[in-house]
**Q** 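Sharing a structure with you now.
In the text below, chain A, chain B and the rest are named by the order of the sequence lines, each starting its count at 1. All values below come from the heavy atoms of this structure, side chains included, with hydrogens, waters and symmetry mates left out.
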Amino acid sequence: MHWADVLASHLEEERKQVIATGITPSGPIHIGNMREVLTADAVYRAAKDRGLDAEFIYIADDFDHLRKVYPFLPETYEQYVGMPLSEIPCPCGEHKSYADHYLSSFLHSLKELGINPKVYRASKLYKENKYREYIHTALEKTDEIREIIEKVSKRSLSKNWIPFNILCQKCGRLTTAKPVLYEYPYVEYTCECGFEGEVDIRKGGVGKLPWRVDWPARWKMLGVTFEPFGKDHAASGGSWDTGKIIAEKIFDYKPPHNVVYEFIQLKGKGAMHSSKGTAVSAEEMLNMTPPEVLRFMIMKNKPSKHVDFDPGFGLLDLVDEYDEEERVYFGAEEEKKGMKDLRRTYELSQPYNVPSELPVQVPYKHLATVAQIAGNWEDIKTVLKRTGQIPDVLKKGDEERLKKRVEHVKYWLRYFAPKRITFKVQKKTPKIMLSDEQKKLLHSLQKRFSEIKWQADEIHNAVYDASEENRLNAKTAFQTMYQILLGQNHGPRLGYFLSTLEKEFVLKRIEEAVK
RNA sequence: GGGCCUGUAGCUCAGCUAGGUAGAGCGUCUGGCUUUUAACCAGGUGGCCAAGGGUUCGAAUCCCUUCAGGCCCGCCA
């Protein structure tokens, strides 16, 4: 059984299931976070497929404060450290807030992946006073909570600690106001900024529950029954350990079912942390990877499995693997061992509907070549048709899919592809010195090319015949062609490559080169 | 110091929540194909399933211990 179905099988049928995921938009949201959302989405779908009444929600903790000036921020952001992300200006100026800046890009990505949770913003929940009873309860039970946290997490809290971070009315920070006295409904405080005042906890948005308390409070408030979380929360004495006890003892709520997921590493660069700048943002990841393939990467691996995302050659392999499983799914190929839970994995990899028949496939590596030869989609389509890679008449769905893949492969070529696979057809004949032998070879190639049918295998044979005729190593022949077309010694498989170019263009190039 | 995960063929991994004679891809080797960003076809090769112990008629699979690696926590969340 697929892991998502196993997890969903633990959910109770009698009650409504709320599958939750929560991420703090403190920076570009990365693929690691993406795993959380995709894991939740898979369980949500599995729950629905079991006939459960299920809802999928996403809580953006945008009322959390800015920890520090991250490497990707201008230094002027120093002044905002400690303020809620929802109250900090947007870095680009086009969004409502700092939080929204990162959030909107992420939510857009989610849509493309076929993930459509109900979105809650913590800042709104606080300001609209949804936390009121939980803040009240927490403050009434301060001693109990303190005991739980100190005992379970083995750390000691300061004497005047209360489970409430006050938002200083003057400087707007959540981190600098220290409580002096709590007497319902007021908390008196003094702030490092020099301000002294009091807040009325019956009013919304005057402060925030600290994370370890906020999390369980949120479970009850939204009725969360399932939530995946990263191993950082799962460490012993961590927020899950304290959270589940706080949920039961303080808020009288049964902690949600859960799954702990491993992080995704960027191959060769270590773990991705939005705060360390080693992240590839979710948006970038999606720009270079077709959405169904990105989903596939998560779905085929159990959450406990650590995953390396390789934005180099590995990406091509991943797409090939997906395409292969797709062919098997539709019966076009035999299943191989090691394709675990193939059918379910394939289905869960679809952002939206499962295709009704095998989509038209073009090998991704070939697409990477063609995309470098032809400019826009129309040209690429023409080339693919001429070389017989796609049928003359494309169905609408197939066309859209291929077009999208071209966009992804282009983005990849531009920013992530290893140098050795990129090339550019030179508009002008490169200035290179050709030996007499090479010139002779080109002459005979010119003749042969003009006589053959312009297709891969014939071109290939012509090159070989020509080099034999001139008693040249075939390698030299291939290199010569790459030199006059690309200005380099290597290139894509020549037969295919030339067949994607106009015959006239190639002949003319040869003519110019031998001059 | 604590937690989680991982350890199966040269490499990447599947199999482990139904315990029942070791699997795939890649590589390598052989043969074929007049060769190209990691080309294709056919066939062969390859493993004391990290080590030790236990449960069992039977263990890669379950339990315990040890070793090795990765990550996380031990500020805040």
**Q** Nearest to the side chain of A:Y482 - B:C76, B:U36, B:C72?
**A** B:U36
**Q** Rounded to whole Å, how long is the line connecting atom CG of A:D241 with atom C1' of B:C73?
**A** 11 Å
**Q** Ring centres under 6.0 Å, that's the criterion: do A:Y364 and A:W412 meet it?
**A** no
**Q** Please determine if A:E292 and A:R295 form a salt bridge, counting it only when a charged side-chain N lies under 4.0 Å from a carboxylate O.
**A** no
**Q** When you measure only distances, ignoring hydrogens and angles, does the side chain of A:T369 come within 3.5 Å of the base of B:U37 through a donor and an acceptor?
**A** yes
**Q** Please classify the nucleic acid contact of A:F497 as base, sugar-phosphate, or nothing, using heavy-atom distances under 4.0 Å.
**A** nothing
**Q** Given atom CZ of A:F263 and atom C1' of B:C71, what is their separation to the nearest angstrom?
**A** 8 Å
**Q** Does A:R212 reach a base, just sugar-phosphate, or nothing at all? Heavy atoms under 4.0 Å.
**A** nothing
**Q** Write down the partner of B:C71 under the Watson-Crick or G-U wobble criteria, each distance required to be under 3.5 Å.
**A** B:G3
**Q** Please confirm whether A:R35 makes a cation-pi placement over A:F263, using NZ or CZ under 6.0 Å from the six-membered ring centre and within 45° of the ring normal.
**A** no
**Q** With rounding to whole Å, what would you report as the distance between B:C57 and B:G2 at their P atoms?
**A** 37 Å
**Q** Charged N to carboxylate O under 4.0 angstrom, A:R121 versus A:D61?
**A** no
**Q** Could you pull out the closest heavy-atom pair between A:N301 and A:W3, with the gap in Å?
**A** O-NE1, 3.2 Å
**Q** So does A:E321 pair up with A:K300, basic N to acidic O under 4.0 Å?
**A** yes
**Q** Can you tell me the distance, in whole Å, between the CZ atom of A:R35 and the P atom of B:C5?
**A** 13 Å
**Q** Can you measure A:D320 atom CG to B:C26 atom P for me and round it to whole angstrom units?
**A** 12 Å
**Q** Check the distance between B:C13's P and A:E325's CD and give it to me in whole angstrom.
**A** 16 Å
**Q** How close do A:I201 and A:V206 get, counting heavy atoms only, and between which atoms?
**A** CA-CG2, 4.3 Å
**Q** What is the distance from CG of A:N461 to P of B:U36, rounded to the nearest Å?
**A** 12 Å
**Q** I'd like the P distance from B:A51 over to B:A68, given in whole Å.
**A** 15 Å
**Q** Tell which nucleotide pairs with B:A18, taking only Watson-Crick or G-U wobble pairs whose two distances are both under 3.5 angstrom.
**A** none
**Q** Give me the distance, rounded to whole Å, that separates B:G44 from B:A24 when you measure between the P atoms they each carry.
**A** 11 Å
**Q** Please report the distance separating the C1' of B:G23 from the corresponding atom of B:C63, rounded so that it comes out in whole Å.
**A** 26 Å
**Q** What integer distance in Å separates A:F416:CZ from B:U37:C1'?
**A** 20 Å
**Q** May I ask you to evaluate whether A:K305 reaches the phosphate of B:A14, defined as a side-chain N or O under 4.0 Å from OP1 or OP2?
**A** yes
**Q** Counting side-chain heavy atoms from C-beta on, which of B:C5, B:U37, B:G2 comes nearest to A:A235?
**A** B:G2
**Q** When rounded to the nearest Å, what value does the distance between P atoms of B:U8 and B:U61 take?
**A** 14 Å
**Q** Check every atom of B:C76, B:C4, B:G2 against the side chain of A:R67 and return the nucleotide holding the closest atom.
**A** B:C76
**Q** Taking the chi torsion of B:A24, is it syn (within 90° of 0) or anti (everything else)?
**A** anti
**Q** Taking the C1' atom in each of B:U45 and B:C11, what is the distance between them to the nearest angstrom?
**A** 15 Å
**Q** Using the C1' atom as the point on both nucleotides, what is the distance between B:A59 and B:G27, in whole Å?
**A** 31 Å
**Q** Considering only atom P, compute the distance from B:C73 to B:U36 and round it to an integer number of Å.
**A** 48 Å
**Q** Return whichever of A:V463 or A:P210 has its heavy-atom-nearest nucleotide of RNA chain B closer to the 5' end.
**A** A:V463
**Q** To the nearest angstrom, how far is A:W240 atom CH2 from B:C73 atom P?
**A** 18 Å
**Q** Give the nucleotide from the list B:C5, B:C72, B:U37 with an atom nearest to the side chain of A:E262.
**A** B:C5
